[in-house]
Asker: 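Attaching a single structure in structure tokens format; questions to follow.
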Amino acid sequence: MDNNLVFLKKIPLFFSLSEDQLKELSQLILERSYHKGRIIFMEGEPGEALFILKTGLIKLTKRLEDGREHILHFVNGGEVFAEVVLFDGGDYPATAEVQEDSIVGVLRNRDVERLISTNPEMALGMLRIMSRRLRTAQEKVMNLALHDTARRLAFTLLKMAEEHGVKQGTGVLINLNLTNQEFASLTGSSRETINRMLNSFKRAGAIDIDRQQIIVLNRNKLEELLS
């Protein structure tokens with residue numbers, strides 16, 4: 001079993017494919033290496049492929065009208081990103097920036113479309129996964145629109161602990177080195193406000209901060225802010 005096939009079998013987007021289809025698809029993957037700081041694609045560029053992150057970390061961002069950067073998602077190893085261009089044939093809706101040296105598998109749209117055209121079940125499976133992602137995005141929009149800064153930050157910390165958390169003693173380490181400016185971008189706030197909120201959460205015993213990494217010590221205290 002080749003390396004590409006191992007990754008494809010772990011990706012929900014391709015769960016509906018048969019073994020033969022997965023093998024065929026695995027032969028179409030182009031592997032590329034990117035160093036930290038590289039841009040894989042820019043928002044607005046023609047969408048020509050979807051990507052599978054094999055190792056590393058990718059940041060997806062969108063530029064707001066006032067010029068600020070808004071962080072949409074951090075992609076972990078084994079996840080697919082930019083799959084939305086498969087169905088609308090449009091431009092990339094975000095920018096993908098490499099946060100850690102990464103190895104990426106590239107699947108060109110035209111190759112995937114050929115398989116989808118002969119396998120309706122595959123297309124339905126992909127749409128189900130994309131619907132879940134849309135639901136997550138809608139949750140985030142509602143969070144930004146309806147909640148104050150403290151609630152938005154608490155929501156973001158809980159979500160990141162769920163997606164990037166590593167058990168550490170009695171707490172959960174958010175295994176990402178994020179600056180306060182990046183937290184501000186995630187929550188639609190300012191860096192100064194995030195500084196104050198993080199220090200407030202720390203004094204309350206909800207979190208600890210160690211070398212720019214956050215440890216969630218008490219989920220209940222963060223969840224109380226959302227009620």
Side-chain angles (χ1 to χ4, degrees), residues 39 42-44 53 57-77 79-84 92-100 129-227:
I39 300 296
M42 293 286 293
E43 177 182 352
L53 181 58
L57 184 70
I58 305 294
K59 180 174 71 172
L60 301 180
T61 62
K62 192 169 185 65
R63 187 66 58 183
L64 302 178
E65 289 184 2
D66 60 7
R68 288 181 297 138
E69 175 190 84
H70 180 63
I71 300 173
L72 299 174
H73 182 62
F74 284 94
V75 183
N76 291 305
E79 290 187 319
V80 174
F81 60 105
E83 67 271 30
V84 66
Y92 289 117
T95 295
E97 181 181 350
V98 179
Q99 298 296 287
E100 299 173 359
I129 298 302
M130 293 181 71
S131 294
R132 292 192 196 113
R133 283 202 161 186
L134 177 60
R135 211 173 291 122
T136 298
Q138 289 173 333
E139 281 180 6
K140 188 170 183 180
V141 169
M142 291 296 291
N143 176 54
L144 288 172
L146 300 178
H147 294 162
D148 59 25
T149 301
R151 290 182 178 182
R152 292 200 300 269
L153 181 57
F155 176 88
T156 299
L157 291 173
L158 288 168
K159 193 75 173 174
M160 294 181 74
E162 178 184 338
E163 294 179 351
H164 305 279
V166 176
K167 188 70 176 175
Q168 187 175 91
T170 59
V172 176
L173 171 70
I174 296 175
N175 195 28
L176 289 172
N177 286 311
L178 297 183
T179 66
N180 286 356
Q181 183 58 58
E182 287 173 317
F183 268 111
S185 297
L186 278 165
T187 56
S189 185
S190 69
R191 181 169 56 83
E192 293 76 13
T193 299
I194 292 302
N195 286 340
R196 291 197 300 271
M197 288 295 99
L198 287 173
N199 287 328
S200 175
F201 288 2
K202 183 177 180 179
R203 288 193 299 271
I207 66 171
D208 193 13
I209 303 173
D210 181 22
R211 300 174 188 172
Q212 281 195 312
Q213 288 190 308
I214 293 177
I215 303 169
V216 176
L217 300 175
N218 192 323
R219 288 183 56 90
N220 291 336
K221 288 188 177 182
L222 293 178
E223 289 170 348
E224 286 172 4
L225 289 168
L226 303 180
S227 60

Asker: Less than 4.5 Å apart, side chain to side chain, heavy atoms only: is that true for Ile174 and Ile207?
Answerer: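 Not touching, per the 4.5 Å side-chain cut-off.
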Asker: Other residues, nucleotides and ligands only: do more than 12 of their heavy atoms fall within 6.0 Å of CZ on Arg191?
Answerer: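 Open.
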Asker: Is there a side-chain contact between Ile58 and Val98, using heavy atoms and a 4.5 Å cut-off?
Answerer: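 Yes, side chains in contact.
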Asker: Side chains of Ile71 and Leu178: closer than 4.5 Å at any heavy-atom pair?
Answerer: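 The answer is no, as the side chains (C-beta and beyond) never meet within the 4.5 Å cut-off.
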Asker: Taking all heavy atoms of Met160 and all of Leu176, pick out the closest pair and write down the distance.
Answerer: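 Reported closest heavy-atom pair: CE-CD1, 3.3 Å.
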Asker: Just to verify, what does Glu100 make a salt bridge (Lys or Arg N to Asp or Glu O under 4.0 Å) with, not counting sequence neighbours?
Answerer: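 If we apply the salt bridge (Lys or Arg N to Asp or Glu O under 4.0 Å) test to Glu100, skipping adjacent residues, there are no hits.
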Asker: For Leu158 and Glu223: C-alpha separation, side-chain torsions, deciding distance, then whether side-chain contact (heavy atoms from CB on, under 4.5 Å) applies.
Answerer: CA-CA 8 Å; Leu158 288 168; Glu223 289 170 348; 3.7 Å; yes
Asker: Give me the atom names and distance for the closest heavy-atom approach of Ala184 to Ser190.
Answerer: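 Closest approach of Ala184 to Ser190: CB-C, 3.6 Å.
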Asker: Got Phe201 and Leu157 here, is their nearest side-chain heavy-atom distance under 4.5 Å?
Answerer: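 Heavy-atom side-chain distance check passes, below 4.5 Å.
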Asker: Hey, what do you get for CD (Glu97) to CG (Leu60), rounding to the nearest 0.5 Å?
Answerer: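 Taking CD in Glu97 and CG in Leu60, the distance rounds to 10.5 Å.
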Asker: Ile39 and Met42: which non-hydrogen atoms are nearest, and at how many Å?
Answerer: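 Taking Ile39 first and Met42 second, the nearest heavy atoms are CG2-SD, 3.6 Å.
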Asker: Can you tell me how far apart CG (Leu153) and CD1 (Ile194) are? Round to the nearest 0.5 Å.
Answerer: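 These two atoms lie 4.5 Å from each other.
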Asker: As an exercise, state the distance from NZ of Lys159 to NE2 of His164, rounded to the nearest 0.5 Å.
Answerer: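 Atom-to-atom, Lys159:NZ and His164:NE2 are 10.0 Å apart.
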Asker: With heavy-atom distances below 4.5 Å as the criterion, would you say the side chains of Glu182 and Gln99 are in contact?
Answerer: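 Yes, close enough: below the 4.5 Å cut-off.
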Asker: Can you sort out the partners of Phe74 under ring pair (Phe, Tyr, Trp, His ring centres under 6.0 Å), two or more places apart, ordered by chain and number?
Answerer: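 Phe74 satisfies ring pair (Phe, Tyr, Trp, His ring centres under 6.0 Å) with no other residue.
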Asker: Enter the distance from Lys202:NZ to Asp208:CG here, rounded to the nearest 0.5 Å.
Answerer: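 It comes to 5.0 Å.
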Asker: Would Gln168 and Gln213 count as a side-chain contact (heavy atoms from CB on, under 4.5 Å) here? Give the steps.
Answerer: CA-CA 12 Å; Gln168 187 175 91; Gln213 288 190 308; over 6 Å; no
Asker: Where do Ala161 and Val216 come nearest, in terms of heavy atoms and distance?
Answerer: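 The answer is CB-CG2, 4.1 Å.
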Asker: Taking side chain as C-beta onward, heavy atoms only, is Asn76 less than 4.5 Å from Leu57?
Answerer: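 Asn76 vs Leu57: side chains touch.
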Asker: Provide the closest heavy-atom pair for Ala206 versus Leu222 in the form atom of the first, atom of the second, distance.
Answerer: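 Smallest interatomic distance, heavy atoms only, reads CB-CD2, 4.0 Å.
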Asker: Kindly indicate whether the side chain of Glu69, heavy atoms from C-beta on, has any atom under 4.5 Å from the side chain of Gln181.
Answerer: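 No, too far: nothing below the 4.5 Å cut-off.
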Asker: Which atoms form the tightest heavy-atom contact between Leu72 and Ala94, and what is the distance?
Answerer: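 In terms of heavy atoms, the two residues are closest at CD1-CB, 3.7 Å.
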Asker: Is there any salt bridge (Lys or Arg N to Asp or Glu O under 4.0 Å) pair reaching into residues 167-177, and which pairs are they, with sequence neighbours excluded?
Answerer: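 As it turns out, there is no salt bridge (Lys or Arg N to Asp or Glu O under 4.0 Å) pair with a partner in residues 167-177 once direct neighbours are skipped.
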Asker: Rounded to the nearest 0.5 Å, what separates atom NZ in Lys59 from atom NE2 in His73?
Answerer: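 Output value for this atom pair is 13.5 Å.
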